[in-house]
Asker: 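Could you have a look at this structure, given as structure tokens, before my questions?
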Amino acid sequence: MLKTRFAPSPSGFLHIGSVRTALFSFLHASHHQGSFVLRIEDTDEARSSKQSIDAILEGMQWLGLKWDEGPFYQSQRYDRYRDLANHLISEGKAYRCYCSKSDLTKLREEQIAQGKNPGYDGRCRDRIEPEPGIDPVIRFRTPDVGDVSVNDLVRGLVKIDNEMLDDLIIMRADGVPTFHFAVVVDDSDMGITHVIRGDDHLSNTAKHLHIIEALGFDRPQFAHLPMILGEDGVRLSKRHGALNVLDYRQQGFLPAAVLNYLARLGWSSGDQEIFSLEQLIKLFDVSDVNASAAKFDPDKLLWLNQQYILSSDPENLLPGLIDQFESLGMDIKNGPNPIDVIISFRERAQTLRDMAASAAYLYTDEIELEAAAAKKHLRPAVKEFLQIARDRFVNLELWEAEVIRKEVQSVAEQHEINFGKIGQPLRVAVTGGGVSPPIDLTLELVGQARSISRLDKALSYIEQRIASA
RNA sequence: GCUCCCUUCGUCUAGCGGUAAGGACGCGGCCCUCUCAAGGCUGAAACACGGGUUCGAUUCCCGUAGGGAGCACCA
């Protein structure tokens, strides 16, 4: 069975670049009815943390990237790595190295000074006697000559000379394996058939291939994904521009939009832009992924998010919108049904956060008039019309958009003015600003009592203007 | 420095030897319109450069340039 894995190290949040790697691994496995494994690479004990693990799991769950096996933790498999490392020593394929860090630093400095490729020179290879008082590391005996090649699913044939490789450390002095060793062992033990990862590992693959061979394991297939670059063309990383996936949730993005956006970075299917997860599973294959890096475009993500908001069932948007109301400190009991907000605001919201923020005037008793909008639309000339509209609103028994619209329309007709002449002042009066859904709908959502009291305030604002003129 | 990888509109991409180089985001215009959007139509906008191969190169090969990655007791 085809099996892929996502193997993050829990040394920080789950960022958007990692998510794409996870997505592609998930999609490739799902497409081929395979299995998707989640493995936590926590061998760097100093940098790993429980919070990071939780953030990764939460992010995966939010996105709906379900794993079939795991999460497995490397920190729970140390015995296995140790056994295999000792086995390699017994076969002469690895050896203990007693060099101190300062010796190694010195060696590296000398090599760089001589213009050589820095690397371990193998000075402990033939050492028989242990060095008392020193905990040795275990190094893998890398072939000195020849080359290795990988037929990468996205990069094609890549060849690396063994001369470029040195005897890398596979077990640290404290008995903890290094990444290069643990990855190889785990991928084999867990039956991973397709290793899909970032292309920062492309060069490392040569090392892994040697270890795989020494251990007598089967080679998996490799697919190295191009990096995602920031707007400045520099690789996205936790330190540089990449956001925690959970920040996207906080900013009001939908998981489906984030996934769809990421899928289209380095992959496409004809001219199609919008893909459901089901469609992605049906269409995706890693071998179709591009080899070149892509820049992250926040504008396109925003556009996609709006497309998803527009086409989602309002019920499905509700929990996210309510979260936004809460985080903005808005009280949903103090205003209209949020479902109605979704229906009337979705065309003008790119994120759920935008939507919640722009509906603020629906959930508060008092609003502020925006100075510029008020100055422009609440002028003495409109006072008469606003007053008439206000008086008619008081007498309305049914406060519904259609009825409201007829009232406003008839005021406009009786006074032979354009609908807009009265619509815009009404909008500013009841929302405080110049932008909102159609005025009839807006008035309905604001509510009769609030609309009237806000009109009263607007009228007194105009009177003040007349008085001070 | 050494090694590996990458290179089509500003951005994401289609293209797989012969195309008016297509789509999407963004940008401009028009339409719709009570505002803002959404929607429709439309415009500007690209094959990094130099050599080959070929009747013919965006497409294949080799350089150059630019960008990215790796060379840790990090992953």
Side-chain angles (χ1 to χ4, degrees), chain A residues 7-11 41-44 46-48 74 97 99 101 104-105 108 111-112 114-120 135-139 152 155-156 158-161 163-166 168-174 176-180 182-183 197-207 224 226-227 229 231 233-235 261 264-274 290-304 306 310 345-350 358 373 377 405 408-409 412 418-428 431 433-440 442:
Chain A
S9 67
S11 57
E41 308 218 320
D42 53 354
T43 54
D44 185 351
R47 289 205 256 175
S48 297
Q74 291 185 324
C97 168
C99 296
K101 284 186 189 176
L104 297 174
T105 311
R108 193 171 303 122
Q111 289 167 328
I112 291 171
Q114 289 168 35
K116 287 197 247 174
N117 190 36
Y120 185 64
D135 288 330
V137 299
I138 299 176
R139 285 185 185 273
D152 191 272
R155 294 308 164 91
V158 177
K159 196 176 81 175
I160 291 171
D161 286 334
E163 280 178 48
M164 296 310 303
L165 276 18
D166 64 357
L168 70 154
I169 293 172
I170 56 176
M171 292 295 279
R172 296 188 272 234
D174 59 4
V176 173
T178 59
F179 161 76
H180 297 299
V183 173
R197 58 184 12 169
D199 79 0
D200 44 341
H201 289 307
L202 184 56
S203 314
N204 289 331
T205 306
K207 300 171 191 170
H224 287 93
M227 307 267 83
L229 276 22
E231 291 171 85
V234 177
R235 175 193 174 193
Y261 178 73
R264 282 286 289 99
L265 238 38
W267 177 86
S268 63
S269 178
D271 286 341
Q272 191 173 341
E273 293 289 348
I274 306 215
N290 285 157
S292 51
K295 281 187 191 165
F296 190 87
D297 181 3
D299 284 337
K300 190 157 184 182
L301 208 211
L302 243 14
W303 172 79
L304 258 176
Q306 177 164 37
L310 242 21
F345 280 70
R346 59 183 165 187
E347 279 118 28
R348 63 216 94 218
Q350 293 192 299
S358 59
H377 296 288
R405 183 180 172 79
V408 178
Q409 212 146 28
N418 292 331
F419 192 96
K421 186 104 178 176
I422 174 119
Q424 198 59 2
L426 278 172
R427 173 171 287 110
V428 175
T431 72
V435 175
S436 85
I439 192 61
D440 49 349
T442 302

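Keep in mind that the numbers below use all heavy atoms, side chains included, and drop hydrogens, waters and symmetry copies. Just so it is clear: chains get the letters A, B, ... in the order the sequence lines come, proteins before strands, and each one is counted from 1.
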Asker: Tell me what Ala173(A) touches on the nucleic acid: a base, only sugar-phosphate, or nothing, going by heavy atoms under 4.0 Å.
Answerer: base
Asker: Hey, does Pro437(A) reach any base, or is it just sugar-phosphate, or nothing, if we go heavy atoms under 4.0 Å?
Answerer: base
Asker: Given atom CZ of Arg155(A) and atom P of U7(B), what is their separation to the nearest angstrom?
Answerer: 9 Å
Asker: Looking at every strand, decide which applies to Gln272(A) at a 4.0 Å heavy-atom threshold: base, sugar-phosphate, or nothing.
Answerer: nothing
Asker: Atom CG of Leu302(A) and atom P of A37(B): how far apart are they, to the nearest Å?
Answerer: 14 Å
Asker: Does the structure show a Watson-Crick or G-U wobble partner for A38(B), both distances under 3.5 Å? Name it, or say none.
Answerer: none
Asker: Any base atoms under 4.0 Å from Asn204(A), or only sugar-phosphate, or nothing? Heavy atoms, all strands.
Answerer: base
Asker: Counting only side-chain nitrogens and oxygens, does Arg346(A) get under 4.0 Å of the OP1 or OP2 atom of A38(B)?
Answerer: no
Asker: Does G26(B) have a Watson-Crick or wobble mate here (both distances under 3.5 Å), and if so which one?
Answerer: none
Asker: Name the nucleic acid region contacted by His377(A), choosing base, sugar-phosphate or nothing; use a 4.0 angstrom heavy-atom cut-off, strictly under.
Answerer: nothing
Asker: Looking only at atom C1', what distance separates U35(B) and A46(B), rounded to whole Å?
Answerer: 38 Å
Asker: Whole angstroms only, please: what is the CG-C1' distance between Leu168(A) and A72(B)?
Answerer: 11 Å
Asker: Is the phosphate of A14(B) approached by Asn290(A) (side-chain N or O, under 4.0 Å from OP1 or OP2)?
Answerer: yes
Asker: In whole angstrom, give me the gap between the P atoms of U7(B) and U13(B).
Answerer: 11 Å
Asker: For A48(B), give the paired nucleotide (Watson-Crick: N1-N3 plus N6-O4 or O6-N4; G-U: N1-O2 and O6-N3; both under 3.5 Å), or none.
Answerer: U64(B)
Asker: Can you tell me how far C1' of A69(B) sits from CG of Asp200(A), to the nearest Å?
Answerer: 7 Å
Asker: Under 4.0 angstrom, heavy atoms only, what part of the nucleic acid is Ser292(A) near: base, sugar-phosphate, or nothing?
Answerer: sugar-phosphate
Asker: Contact class for Gly270(A) (heavy atom, under 4.0 Å): base, sugar-phosphate, or nothing?
Answerer: nothing
Asker: When all nucleic acid strands are considered with a 4.0 Å heavy-atom cut-off, which category describes His224(A): base, sugar-phosphate, or nothing?
Answerer: nothing
Asker: Which nucleotide sits closest to the side chain of His201(A): A75(B), A14(B), C73(B)?
Answerer: A75(B)
Asker: Across all strands shown, which nucleotide pairs with A21(B) by Watson-Crick or G-U wobble geometry, both distances under 3.5 Å?
Answerer: none
Asker: When you measure from the side chain of Asp297(A), which nucleotide among U11(B), C73(B), A14(B) comes out closest?
Answerer: U11(B)
Asker: Mapping Val158(A) and Thr43(A) to their closest nucleotides on RNA chain B, which lands nearer the 5' end?
Answerer: Val158(A)
Asker: Let's see if you can work this out: which of G22(B), A38(B), C36(B) has an atom nearest to the side-chain heavy atoms of Asp271(A)?
Answerer: G22(B)
Asker: For RNA chain B, whose closest nucleotide is more 5', that of Ile169(A) or that of Lys295(A)?
Answerer: Lys295(A)
Asker: Side chain of Phe179(A) only, heavy atoms from C-beta on: which candidate in C4(B), C73(B), A75(B) is closest?
Answerer: A75(B)
Asker: With a 4.0 Å cut-off on heavy atoms, is Ile439(A) in touch with a base, just the backbone sugar-phosphate, or nothing at all?
Answerer: base
Asker: Of the candidate nucleotides G23(B), A75(B), A69(B), which contains the atom at the shortest distance from the side chain of Asp44(A)?
Answerer: A75(B)
Asker: For Arg405(A), which contact category applies under a 4.0 Å heavy-atom criterion: base, sugar-phosphate, or nothing?
Answerer: base
Asker: Scan Gly119(A) against the nucleic acid and name what it touches under 4.0 Å (heavy atoms): base, sugar-phosphate only, or nothing.
Answerer: nothing
Asker: Under 4.0 Å, counting only non-hydrogen atoms across every strand here, what does Val137(A) touch: a base, just sugar-phosphate, or nothing?
Answerer: base
Asker: Side chain of Ile160(A): nearest nucleotide among C4(B), C73(B), C34(B)?
Answerer: C4(B)
Asker: Base, sugar-phosphate alone, or nothing: which one does Lys421(A) contact when heavy atoms must sit under 4.0 Å apart?
Answerer: nothing
Asker: Which nucleotide in the list G26(B), A75(B), A69(B) gets nearest to the side chain of Ser203(A)?
Answerer: A69(B)
Asker: Is the distance from OP1 or OP2 of A75(B) to the nearest side-chain N or O of Thr178(A) less than 4.0 Å?
Answerer: no
Asker: Does Ser358(A) reach a base, just sugar-phosphate, or nothing at all? Heavy atoms under 4.0 Å.
Answerer: nothing
